[in-house]
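These notes are about the structure you will find just below.
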Amino acid sequence: MPELPEVETVRRGLAPHMEGRRVRRLTLNRPDLRFPLPEGFRDRVEGRRIVQLSRRAKYLVMTFEDERAIIAHLGMSGSFRIEDTIPGVFHHARSKDQAHDHVIFDLAGDDGATVRIIYNDPRRFGFMDLVEPGELDRYPAFAALGPEPTGNLLSADYLAERFRTKKSPIKAALLDQRVIAGLGNIYVCEALHRSGIGPERAVHTLVTRTGRASARLEDLTRAIREVIAEAIEAGGSSLRDHIQTDGSLGYFQHRFRVYDREGEPCPTPGCRGIVSRIVQSGRSTFHCAACQA
DNA sequence: CGCATCCCCTGCCTGC
DNA sequence: TGCAGGCAGGGGATGC
């Protein structure tokens, strides 16, 4: 499911229920997700207060008062849901198979409010890890990450520098988390379409002979920012079974211009092309050959 | 090094 | 209706 906008939507949904509350009980329904759960996970988390829920790329970071932190990745099918545990309070229907409820956080606030946060992940491509205070900056998966597409560090000049000497197809380069952190298959397809760049184009062709960003690369940088911002604002994309933490749906999927629209007319004004699907690096790319070059 | 391929796992959809 | 095959938002290992 989740690319950056979906993970950010999850973060925003969870934060008010988690921040400031203490883990009263951590329930592990199996010893592993994609990887084994951290050594001594339960004992190292129970009793501690969560001070902040943040996000880096597609990772959620739950920071405790002692700066110990849980790092969670949702993989393809991971989701969190919130269940009120106050007796008598109605909570939304469980639409997911409880067989895949793998990790359960029972939290309690100083005001006595209690809440249950449940991590469900049918495919188990997600994972959780626990880092000790001060280790977060050196966490291997974080060390090599590129800039956030929402931040100031992403610029056309930055991409020009990264692309100058490389011949890889732009689709692959944008999926590389070391180049930009947080983009995935959907938003890469969408950003390329919005900027009129063919997915198979070699990245160095977007850089001028003097090493500057081409106008197309400027367009691409702007398109990436725009599509990510719009998707976050829309609550992400809800495909298949993905829902927000409160059970509601994101609606950015209705604004896809090419993703999962094989055979449909290209939405670019004046373009008479048809959206087609190709496979790159084993994954679907949706694009319009008529207006992306 | 960069890139493609395969794999992890379950569920859903399509076509026969 | 059943079943096989393909496909899915990610990313890591491997091999060329």
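Numbered from 1 within each chain, the chains take letters A, B, ... in sequence-line order.
One C1' atom belongs to B/dG2, the other to C/dG9, and the distance between them is 24 Å to the nearest Å. To the nearest whole angstrom, the two P atoms, one in B/dC9 and one in C/dT14, are 16 Å apart. Atom C1' of C/dG10 sits at a distance of 22 Å from the matching atom of B/dC1, rounded to the whole Å.
When heavy atoms are screened at a 4.0 angstrom cut-off, A/Q280 is found touching no nucleic acid atom at all. Heavy atoms of A/R178 sit nowhere under 4.0 angstrom from any nucleic acid atom.
For A/N120 and B/dT10, the CG to P distance is 13 Å, given to the nearest whole Å. The CZ-C1' distance, from A/F286 to C/dC7, rounds to 10 Å in whole Å. Nucleotide C/dG11 holds its P atom 12 Å from the OH atom of A/Y139, rounded to whole Å. Here C/dA8 presents its C1' atom at 10 Å from CZ of A/R277, a figure rounded to the nearest Å. Taking atom CG of residue A/D121 and atom P of nucleotide B/dC9, one finds them 12 Å apart after rounding to whole Å. A/E3 has its CD atom 9 Å from the P atom of C/dG11, to the nearest Å. Rounded to whole Å, atom P of C/dG9 lies 3 Å from atom OH of A/Y259. As a whole-Å value, the separation of A/L175 CG from C/dG11 P is 9 Å.
Closest to the A/P169 side chain, of the nucleotides C/dG9, B/dT10, B/dA4, is B/dA4. Checked against C/dG11, B/dT10, B/dT5, the side chain of A/P122 finds its nearest nucleotide in B/dT10. The side chain of A/S284 lies closest to C/dA8, out of C/dA8, C/dG11, C/dG9.
Classification of A/D246 and A/R81 as a salt-bridged pair fails, no side-chain N sitting under 4.0 Å from a carboxylate O. Salt bridge annotation for A/R30-A/D32: present, with a cationic side-chain nitrogen under 4.0 angstrom from a carboxylate oxygen.
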Sub-3.5 Å pairs of nitrogen or oxygen atoms, protein against nucleotides 12-14 of chain C:
residue	atom	partner	partner atom	Å
C/dG12	O4'	A/R34	NH2	3.1

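For C/dA8, the base has a donor-acceptor partner in the side chain of A/R123 [N/O atoms by modelled type, under 3.5 angstrom].
Contact annotation: A/S77 side-chain N/O to B/dC9 OP1/OP2 distance is not under 4.0 Å. Between A/Y187 and the phosphate of C/dG9, there is no side-chain N or O to OP1/OP2 separation shorter than 4.0 Å. Dashed line: the shortest gap from a side-chain N or O of A/R283 to OP1 or OP2 of B/dT5 is not under 4.0 Å. In terms of phosphate contacts, A/H73 brings no side-chain nitrogen or oxygen within less than 4.0 Å of OP1 or OP2 of C/dG10. Neither OP1 nor OP2 of B/dC1 sits under 4.0 Å from any side-chain N or O of A/K167. Put simply, A/H100 has a side-chain N or O that comes within less than 4.0 Å of OP1 or OP2 on B/dG11.
By the 4.5 Å heavy-atom criterion applied to side chains, A/K167 and A/V203 are not counted as neighbours. Contact check for A/R116 versus A/I82: no side-chain heavy atoms found under the 4.5 Å cut-off.
Stacking between A/F125 and B/dC9 is absent: the aromatic ring centre is not both under 5.5 angstrom from the base six-membered ring centre and within 30 degrees in plane angle.
Ring pair A/Y59/A/F127 is perpendicular by interplanar angle, where above 60° counts as perpendicular and below 30° as parallel.
When A/E3, A/E8, A/E6 are each tested for a salt bridge (Lys or Arg N to Asp or Glu O under 4.0 Å) with A/R55, only one passes: A/E8.
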Checking ring-ring contact (aromatic ring centres under 6.0 Å, His included) for the pair A/F163/A/Y158: CA distance, chi angles, key distance, verdict?
CA-CA 9 Å; A/F163 291 171; A/Y158 162 78; 8.3 Å; no

For DNA chain B, the expected dot-bracket line (Watson-Crick or G-U under 3.5 Å, [ ] crossing, | inter-strand) is .|||||||.|||||||

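Side-chain rings of A/Y187 and A/F252 approach one another, their centers coming within less than 6.0 Å.
Both A/F41 and A/M62 are part of a single hydrophobic cluster, where members link through side-chain heavy atoms under 4.5 Å apart. No path of Ile, Leu, Val, Met, Phe, Trp and Tyr side chains, each step under 4.5 Å between heavy atoms, connects A/V23 with A/V51, placing them in separate hydrophobic clusters.
By the 6.0 Å contact criterion, CG on A/D111 is enclosed, its count of non-hydrogen atoms from other residues, nucleotides or ligands being greater than 12.
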